[in-house]
Amino acid sequence: QVQLVESGGGLVQAGGSLRLSCAASRSIFRLNAVGWYRQAPGNQRELVERITSGGATNYGDSVKGRFTISRDNAENTVYLQMNSLKPEDTAVYYCNSDIGMLRGSWGQGTQVTVSS
């Protein structure tokens, strides 16, 4: 199984920015779609932003264009640039491939907390 490790979360004030990283144990992103998902307390896990192997992206409505997903195939890393953060963005953020989702395999995630 490919290991995905999220990092970059933390505490930030409203209006601030964070950049999350998702590092893969081996090169998979050229052939697999990968996305960022989040889960807030009491809520279902939801799509934040996803990118396919061909570079197409799709977004969750809650992101409203504030976040940008990118990938570095050479570094086996996917990023999520988060700007104009709101308290409603507070959640645990996960990255996962489509295959990983089909397998029900999720990592530890990284906590993002946005203060008012």
Point to revise | Same cluster (ILVMFWY, side-chain, under 4.5 Å), Val63 and Val78 | key: yes

Nearest 0.5 angstrom please: [X] [atom1] to [Y] [atom2], how far?
X	Y	atom1	atom2	answer
Glu49	Tyr59	CD	OH	4.0 Å
Asn58	Ile69	CG	CD1	8.5 Å
Tyr37	Leu80	OH	CG	12.0 Å

Determine whether [X] and [Y] make a side-chain contact, defined as any pair of heavy atoms from C-beta on separated by less than 4.5 Å.
X	Y	result
Asn32	Asp98	no
Arg66	Asp89	yes
Asn96	Trp36	no
Cys22	Tyr79	no

Exercise for review: May I ask you to check whether over 12 heavy atoms, not counting those of Asp61, lie within 6.0 Å of atom CG?
Suggested key: no

Review point. Around atom CD of Gln111, are there more than 12 heavy atoms of other residues, nucleotides or ligands at under 6.0 Å?
Key: yes

Side-chain donor-acceptor distances from residues 3-20 under 3.5 Å, at least two apart:
{"from": "Glu6", "atom 1": "OE1", "to": "Gly109", "atom 2": "N", "distance (Å)": "3.1"}
{"from": "Glu6", "atom 1": "OE2", "to": "Cys95", "atom 2": "N", "distance (Å)": "3.0"}
{"from": "Ser17", "atom 1": "OG", "to": "Asn83", "atom 2": "OD1", "distance (Å)": "2.9"}

Revision key, fill the gap. Minimal heavy-atom distance between Gly100 and Ser97, with the atoms involved, is N-OG, 3.0 Å

Review point. Going by the angle between their ring planes, with limits at 30° and 60°, are Trp106 and Tyr94 parallel, tilted or perpendicular?
Key: perpendicular

Review point. For Ile51 and Val34, what are the C-alpha separation, side-chain angles and deciding distance, and is it a side-chain contact (heavy atoms from CB on, under 4.5 Å)?
Key: CA-CA 6 Å; Ile51 185 169; Val34 65; 3.9 Å; yes

Study note, to complete from the structure: Across all chains, not counting sequence neighbours, the side chain to side chain contact (heavy atoms under 4.5 Å, CB included) partners of Asn76 are Ala24, Ser27

Check your understanding: Will you find, in the side chains of Tyr93 and Arg38, an N or O donor that is under 3.5 Å from an N or O acceptor?
Key -> yes

Check your understanding: Is there a donor-acceptor pair under 3.5 Å between the side chain of Ser105 and the backbone N or O of Arg103?
Key -> no

